[in-house]
Amino acid sequence: MSEMIMKNAFALLNDEQIDFICGEFKIDRTALENMGEDELNSVYEGLCDIEVDETCIAGDNAMSERGETVSDIVTVVGNEIASEQGYFDEEEFERELKDEAP
């Protein structure tokens, strides 16, 4: 994945989400903003790992606040990566088709 795709994806996050990432990975905002492609990929993979861990911990129960936050981040970043790579959400595509129908 290109550095620009990753930077664009992380740029969509709000301050709370950025603060979460910085806290989890013990980095400051400037370090996150200056990361290259490999480092951003590593952070994203780490976030995915946290999401899996939190999902397993929750089991059939509600996800923790940490789990909810990381899940939201992974969704935002993952959707942007997919979009930039030409993938799309099937439900969104269906809605667009209905809007364009005569």
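In what follows, every heavy atom counts, from backbone to side chain, and hydrogens, waters and symmetry copies are set aside. What you see is a predicted model, and the numbers here were worked out from it, not measured in a lab.
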Below 4.0 angstrom, N of the basic side chain to O of the carboxylate: do Arg66 and Asp53 qualify? no
Do Phe20 and Leu13 come close enough that some side-chain heavy atom pair is under 4.5 Å? no
Could you tell me if the side chain of Asn41 sits less than 4.5 Å from the side chain of Tyr44, heavy atoms only? no
Do [X] side-chain atoms and [Y] backbone N/O form a donor-acceptor pair below 3.5 Å?
X     : Y     : value
Ser83 : Asn79 : no
Thr69 : Glu65 : yes
Glu54 : Glu51 : no
Lys7  : Met35 : yes

Taking all heavy atoms of Asp28 and all of Ala31, pick out the closest pair and write down the distance. OD1-N, 2.7 Å
Which atoms form the tightest heavy-atom contact between Leu32 and Cys22, and what is the distance? CD2-SG, 4.4 Å
When you group the ILVMFWY residues by side-chain heavy-atom contacts below 4.5 Å and let the links chain together, are [Y] and [X] in the same group?
X     : Y     : answer
Ile50 : Met63 : no
Met6  : Leu12 : yes
Val52 : Ile73 : no

Among Leu40, Ile81, Val77, which residue meets the side-chain contact (heavy atoms from CB on, under 4.5 Å) test with Ile5? Ile81
Show, in sequence, the C-alpha distance, side-chain angles and deciding distance for Val76 and Glu80, and conclude whether the side-chain contact (heavy atoms from CB on, under 4.5 Å) test is met. CA-CA 6 Å; Val76 169; Glu80 181 63 15; 5.7 Å; no
dist Leu47:CG -> Asp72:CG (nearest 0.5 Å) comes out at 12.0 Å
